[in-house]
There are 2 protein chains.
Amino acid sequence: MNDLHRLPSLNALKAFVAVAEQGSISMAAQQLHVTHGAVSRQIKLLEEELNTSLLEKQGRGIKLTDAGQQLYQNCQPAFRTIAESCQQLRQQQQEKPLVLACSGSLLARWLIPRLPPLQQALPDLPLQLVTSADDERPQQQADLSLSFMNNPVADELLIPLEQERIGPVLATALAQQLDLDSNKAIPQLPLLHTLSRPQAWPDWARHNGIPPDSLHMGQGFPHLSYLLEAVLAGLGIGIAPEQLIRADLEQGRLLAPWGFVSTDAWLCVQIHNISQRQRIEKLTGLLATLS
Amino acid sequence: MNDLHRLPSLNALKAFVAVAEQGSISMAAQQLHVTHGAVSRQIKLLEEELNTSLLEKQGRGIKLTDAGQQLYQNCQPAFRTIAESCQQLRQQQQEKPLVLACSGSLLARWLIPRLPPLQQALPDLPLQLVTSADDERPQQQADLSLSFMNNPVADELLIPLEQERIGPVLATALAQQLDLDSNKAIPQLPLLHTLSRPQAWPDWARHNGIPPDSLHMGQGFPHLSYLLEAVLAGLGIGIAPEQLIRADLEQGRLLAPWGFVSTDAWLCVQIHNISQRQRIEKLTGLLATLS
DNA sequence: TCATTCATGTGAGAAATAATAACAGATGGC
DNA sequence: GCCATCTGTTATTATTTCTCACATGAATGA
């Protein structure tokens, strides 16, 4: 058992080592980002704790006494060891890849398009992506996850990026076959849906003043990514978050003639590994600007 | 230049090392004389500073993570070095003799008689005595000095032991030759005095309602010790602090038929070397009981 | 010599940090 | 299931540390 309780004030000792290194209380204070008074006081405290005078005046400055020399020579390497050890730990943490979990559709249609600017802005951030099925909870071993969450509660570890906006979408080819003159077109068609978001169509219908019961539900898919493939293949009208199909709209593969409505869900980053919080917040801040 | 400012909270690190050593937060808290909550919090802070988790739950207790192991193995020797270095310094300070300066008369007639009980009560206190002439300021290199001081001001570094009481004294042999029936005897005799305390006789006279001018001043001596030798030799009446001649009175060598009066002076211990303050205060506390 | 500059020392009050007490949650033994 | 043990968390209190402002003492240069 080490006699940790017989240690003097370690902050005072740190101040002393700084003074010994700089040969001056004022310089040490500058190095430690405090006033010279604070350092002077700390030295006094340490001297009292050790019952020894460590510094003596010399001209306008100070110099170490013999006891001070001895203390410095013993403690300086110890502090260096500690500083290096901690620095090493931080370094290792920096080099460890940040594991981000998200669904396949979010990965393919939201995150991957943002990767180039991301890697450009944070070239030293090693990012490792893992997918979880849309209906699974984000995996435990990930440092952070990206997902749509209903009514996210305020929480330091939950960072909302943008509100979900959903709407019906269909392939451009399919649209040309149909007579799209109003909302009325919707009920007549087979509505593709996902098992992970069964409320998507009813929610959207309510938002648009359409009785949910009047909808003709068509094929269901296990995940959004399959549904979107089906929509692209012209199998019917799907419903999807605007965020995930923006590129398809811009490139004319899909159409969204009925627009989008905001839901209670938000696209959120969830922090799982608190020790990576700083890096995650840096990453998230950047993602927010890219949204 | 060492990166002292990149060090984490050293108290948190100390707490962590304690936890690593004990393998338990509660035990570490006990060792550090704080509650487990305090230690738990410190560990959390350290983990945040290092962006690393250091502990993980294991059953009801905790165990170190790999990062924690690494940190502990690096820092534990550093803390041991620091603790040992400080302990060594304290030890050296303990073994260094305490240098006490006082006048020859105080040394011979006040301090030396008290040395046996002193050494019995504090056998491990190495005491080195140096004399300074009565009229010199206590020497700078002494850790403390013992002297009579006029009107001592309240000060942490000045410890009054007892008020000075002075009075005329003469050798028993001389007293037998004289007719000592009252204060009236005084003016008729040659009054021995010291150059270091020229006011002693006038002060005493005023306290006793005798006109100072009516005194017959005799031989002067450079220091009290010589004066006392002269008094013992029957050369005349001297004036001296009661404290310094108590033994002579008790053993019948000297008489003080006119009694003693208190003066404004106190026998004081003055602390010169603040770093020895604790030991000096222990010594002084003991001296006060022996007075 | 005297003002000036530079470095340290000191005190009161403000700011930051750490500790406590009390409770919550989790685990393992009975 | 119940109890004892250990860790985590929070609001509050206590302590430490810092700052600011001024004082002191030593070298510097007119």
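First the proteins, then the strands, lettered A, B, ... as listed; each starts at 1. Note that these values count all heavy atoms, side chains included, but never hydrogens, waters or copies made by symmetry.
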Separation of D:dC18 atom P from A:Gln31 atom CD, nearest Å, is 14 Å
In whole Å, what is the span from the CD atom of A:Glu49 to the P atom of D:dT16? 10 Å
What is the separation between atom CD1 on B:Ile25 and atom C1' on D:dT5, rounded to the nearest whole Å? 13 Å
Given atom CG of A:Leu45 and atom P of D:dT15, what is their separation to the nearest angstrom? 16 Å
Has A:Gln92 got more than 12 heavy atoms of other residues, nucleotides or ligands less than 6.0 Å from its CD? yes
Between the side chains of B:Arg90 and B:Gln93, does any donor sit under 3.5 Å from an acceptor? no
With respect to the side chain of B:Ser26, which nucleotide from C:dG9, D:dA11, D:dC6 is positioned closest? D:dC6
Do the side-chain N or O atoms of A:Gln42 get closer than 4.0 angstrom to the phosphate oxygens (OP1, OP2) of D:dC18? yes
Mind checking B:Leu55 for me? I need base, sugar-phosphate or nothing, with any heavy atom below 4.0 Å counting as a touch. nothing
Over how many whole Å does the gap from A:Lys14 atom NZ to C:dT17 atom P extend? 11 Å
Given C:dT8, C:dA21, D:dT17, identify the nucleotide with an atom nearest to the side chain of B:Thr35. C:dA21
Is a side-chain donor-acceptor pair under 3.5 Å present for B:Glu47 with B:Ser53? no
For A:Gln58 and D:dG25, give me the distance from atom CD to atom C1', rounded to whole Å. 15 Å
Check: C:dG25 base within 3.5 Å donor-acceptor of B:Arg60 side chain: no
Which part of the nucleic acid does A:Ile43 contact within heavy-atom distance under 4.0 Å: base, sugar-phosphate only, or nothing? nothing
Salt-bridge contact B:Arg6-B:Glu49 (side-chain N to carboxylate O under 4.0 Å): no
5′-ward residue of the pair A:Val34/B:Lys57 relative to DNA chain D: B:Lys57
Send over the distance from A:Gln30 CD to C:dC6 P, rounded to a whole Å. 13 Å
I want to verify a distance call: between C:dG9, C:dA12, C:dA18, whose nearest atom is closest to the A:Lys44 side chain? C:dG9
Indicate whether B:His36 forms a stack on D:dC6; treat it as stacked only if centroid distance is below 5.5 angstrom and interplanar angle below 30 degrees. no
Would you mind reading off the distance between A:Glu56 atom CD and D:dA26 atom C1', rounded to a whole angstrom? 15 Å
For the pair B:Lys44 and B:Glu48, find out whether any cationic side-chain nitrogen is under 4.0 Å from an anionic carboxylate oxygen. no
Taking only side-chain N and O atoms of A:Ser40, does any of them lie within less than 4.0 angstrom of OP1 or OP2 on C:dG9? yes
What contact category does B:Gly37 fall into here, base, sugar-phosphate, or nothing, at under 4.0 angstrom with non-hydrogen atoms? base
Do the side-chain N or O atoms of B:Ser24 get closer than 4.0 angstrom to the phosphate oxygens (OP1, OP2) of D:dT7? yes
